[in-house]
Amino acid sequence: MRRIFSDYAYGPGPRDNCWWDETIEAPIWPEQRGEIQVDVAIIGGGFTGLSAALHLAESGASVAVLEAETPGWGASGRNGGFCCLGGSKLSTKAMLRKYGEEATRTYAEGEEAAVHLVAELLQKHQIEADTHSRGETVLAHSPRALKQMKRQVDHISAAGEEVAFHSKAELASVGMNGSFFGAMTTPVGFGLNPRKYLFGLAGAAASAGAKLFQHSPALKIAKAGGQQIVTTPKGKVRSAKVVIATNGYSSDDLPDWLAARYMPTQSSAMVTRPLSDAELQAQGWFSDQMAYDSRNMLHYFRLMPDRRFLFGMRGGLFASPRVEAGIRRKLRSDFEQLFPAWREVESTHTWSGMVCLSRNLVPFVGAIPDNPGLFAGLCYHGNGVAMGSYAGRVLADLVQGRFPELPYSAVMQGMPRFPFGRARRIVMPPAYALLGLMD
């Protein structure tokens, strides 16, 4: 594999002490051995891969999912569990300018359809995933951010869409007290346990006939005799089509087209021990709303049903035991700064994982150009619960030669390269520094 971080980033170190591992036992899948023939091979056993597998199997296709590690090992099993609007870091204004009104509108419809898809899957397959929150709240971290937020609220309201604004004085009364200047709530989205959701998808896909394999990394993709051949350490999978669903854990040579087209970067999270009613009242945060602040280098947080508080942030650009320890200290420091009444509340679990960015700041979901039979879904910019599930559903249609039933925008069908090839991470420190200054 040709990956751009050190081996440490792809090993057990960053995910050590992940809270979600304590909440549900992982299923055990067999290793792929020998040669098998299926209609579609899927590389990656996260939200994208398992959503694609489930929808393909339900359509009658034979499917094999190849997971390099164990179920829930990657980003899908260690993220913040925010099922919400998102997937793009491109502003609506910039998207309109670059792609036009129809493509921009369709993209927005797709983001909302992605959230509804997850809700439908939870209900249809009776997946208990500890859901909570009515929509998502963004909190203004500065007076300048508040002004921008008010303009956004006015624009959304003028378009006839539902949104709620909370002044600084109102935040305490709705249980979101802190050093914030106001807030905006969008009524679409909810929080969940990502690992429980993921394993629910896996169970549904297996029941529909999908074959799921662990410890079976794809080492090579080749084409022979009109078929795709995916080589694993102990066997081969022959198929008509292949779906790449590896997101931030992708490799630049699977396939070669991916080289320099995606940028993995780190997101870190922690959870506290369960908080007492007195502790919640002391801070003035007793809402179950999932929330994030308006910084470019954002913090995200939510009070979970068991009264543990989850707190996360973006920002890691390097990977080593020393760097990971530093990130965890910074995460804890930021938590104590934003929620000072909880400075003495211990964090019981802390971990990190990769999110994935694209150069054009939008997801890619579609056929891989100049590679007949290959498809991919990745680059969700930290919003993989909904957008990854959506990508898998869309890819299931595309693989079978159907135009997707869900809204599918041209915005998602291009993926330019970053400069500097495998050294492309050198563009990130100055970009992050600029974003930090803007905050």
Side-chain angles (χ1 to χ4, degrees), residues 14-15 18-20 47 75-89 111 114-115 118 129-142 145 149 166 171 175-186 188-195 197 248 265-272 275 283 285 287-305 308-316 327-328 330-339 342 347 349-357 380-388 432 435-436 439:
R15 83 175 316 283
C18 177
W19 164 242
W20 306 123
F47 296 133
S76 296
R78 60 174 105 172
N79 67 70
F82 282 51
C83 181
C84 55
L85 299 176
S88 167
K89 288 298 181 185
E111 280 196 354
V115 175
V118 176
D130 305 332
T131 58
H132 68 94
S133 185
R134 292 177 294 279
E136 182 181 43
T137 299
V138 55
L139 295 135
H141 76 286
S142 68
M149 180 179 289
H166 311 285
L171 287 177
M176 293 188 285
N177 185 54
S179 56
F180 306 109
F181 293 84
M184 177 181 72
T185 295
T186 303
V188 180
F190 51 90
L192 50 64
N193 180 319
R195 188 172 164 97
Y197 169 53
T265 187
Q266 189 164 287
S267 185
S268 302
M270 52 162 267
V271 298
T272 69
L275 294 156
Q283 177 58 49
W285 190 286
S287 170
D288 67 354
Q289 278 294 103
M290 57 181 184
Y292 65 98
D293 63 24
S294 54
R295 290 172 173 86
N296 289 299
M297 304 302 293
L298 63 82
H299 301 98
Y300 53 93
F301 35 90
R302 60 188 177 100
L303 182 64
M304 298 191 291
R308 291 176 183 267
F309 196 78
L310 180 146
F311 182 84
M313 72 176 192
R314 303 279 190 262
I327 288 170
R328 296 187 182 200
K330 176 66 164 63
L331 178 68
R332 177 70 200 194
S333 175
D334 285 12
F335 166 73
E336 292 178 6
Q337 183 177 354
L338 285 175
F339 301 98
W342 295 338
S347 45
H349 296 75
T350 308
W351 67 95
S352 300
M354 295 289 192
V355 299
C356 194
L357 319 177
Y380 310 130
H381 301 90
N383 286 276
V385 176
M387 190 53 66
Y432 272 27
L435 292 171
D439 287 340

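Heads up: numbering here begins at 1 and tracks the sequence. Values below: all heavy atoms of this structure, side chains included; hydrogens, waters and symmetry mates excluded. This structure is a prediction, so every number in the text was calculated from the model and none was measured.
- Side chain of Ser133 to main chain of Gly135: a donor-acceptor pair is present (N/O by atom type, distance under 3.5 Å, no hydrogens or angles).
- Residues Val385 and Cys83 come closest through the heavy atom pair CG1-CB, 3.8 Å.
- When the ring pair (Phe, Tyr, Trp, His ring centres under 6.0 Å) test is applied to Phe82, the partners found at least two apart in sequence or on another chain are Tyr300.
- The two residues Met184 and Met149 come nearest to each other via the heavy atoms N-SD, 3.6 Å.
- Between Leu338 and Phe180 the shortest side-chain heavy-atom distance falls below 4.5 Å.
- For the atom pair Met290 CE and Glu136 CD, the distance stands at 4.5 Å (nearest 0.5 Å).
- Atom CH2 in Trp342 sits 13.0 Å away from atom OG in Ser347 (nearest 0.5 Å).
- The ring pair (Phe, Tyr, Trp, His ring centres under 6.0 Å) test applied to His349 returns Trp19, not counting sequence neighbours.
- Between the CD atom in Gln283 and the CZ atom in Phe339 there is a gap of 6.5 Å [rounded to 0.5 Å].
- Contacts of Asp288 classified as salt bridge (charged side-chain N to carboxylate O under 4.0 Å, His left out), with partners at least two apart in sequence or in another chain: none.
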Walk me through it: do Met313 and Asp334 pass the test side-chain contact (heavy atoms from CB on, under 4.5 Å)?
CA-CA 9 Å; Met313 72 176 192; Asp334 285 12; 3.8 Å; yes
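- In this structure the side chain of Phe311 reaches within 4.5 angstrom of the side chain of His299, judged on heavy atoms.
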side-chain contact (heavy atoms from CB on, under 4.5 Å) assessment of Thr272 paired with Phe335
CA-CA 10 Å; Thr272 69; Phe335 166 73; 3.8 Å; yes
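- Contact annotation: the side chain of Val271 never approaches that of Phe309 to less than 4.5 Å [non-hydrogen atoms, C-beta and beyond].
- Between Gly81 and Pro194, the shortest heavy-atom contact is CA-CD, 3.9 Å.
- The two residues Leu331 and Ala269 make their nearest non-hydrogen contact at CD2-C, 3.5 Å.
- Applying the side-chain contact (heavy atoms from CB on, under 4.5 Å) rule to Asn383 yields the partners Cys84; only residues at least two apart in sequence or on another chain are considered.
- Under the ring pair (Phe, Tyr, Trp, His ring centres under 6.0 Å) criterion, Tyr380 pairs with no residue, sequence neighbours left out.
- Looking only at side-chain heavy atoms (C-beta outward), Leu192 and Asp130 stay at 4.5 Å or farther from each other.
- In terms of heavy atoms, Ser352 sits closest to Ser268 at OG-OG, 2.8 Å.
- Checked by atom type and distance alone, the side chain of Trp20 pairs as donor or acceptor with a backbone atom of Asn79 at under 3.5 Å.
- Contact of the Val188 side chain with the Leu85 side chain is registered, since non-hydrogen atoms from C-beta on lie closer than 4.5 Å.
- Not a single ring pair (Phe, Tyr, Trp, His ring centres under 6.0 Å) links His132 to another residue, sequence neighbours left out.
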Residues Asn177, Trp285; criterion side-chain contact (heavy atoms from CB on, under 4.5 Å); working and verdict
CA-CA 5 Å; Asn177 185 54; Trp285 190 286; 5.8 Å; no
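- Side-chain contact between Ile327 and Gln266 is present, with heavy atoms from C-beta onward closer than 4.5 Å.
- For the 3.5 Å distance criterion, the side chains of Thr185 and His166 qualify, holding a donor opposite an acceptor.
- Arg134 is not listed as a side-chain neighbour of Phe190, based on a closest heavy-atom distance of 4.5 Å or more.
- For the atom pair CG of Leu275 and CG of Leu303, the computed distance is 6.5 Å after rounding to the nearest 0.5 Å.
- Under 3.5 Å, the side chains of Ser267 and Arg314 contain a donor-acceptor pair of N or O atoms.
- Residues Thr137 and Gln289 bring a donor and an acceptor atom of their side chains to less than 3.5 Å of each other.
- When all heavy atoms of Ala183 and Leu171 are compared, the pair lying nearest together is CB-CD2, 3.6 Å.
- Remark: side-chain polar atoms of Ser76 are paired, donor with acceptor, to backbone N or O of Phe47 under 3.5 angstrom.
- Checked by atom type and distance alone, the side chain of Arg328 pairs as donor or acceptor with a backbone atom of Thr350 at under 3.5 Å.
- Two residues are said to be in side-chain contact when any heavy atoms from C-beta on lie closer than 4.5 Å; Leu310 and Met270 fail this criterion.
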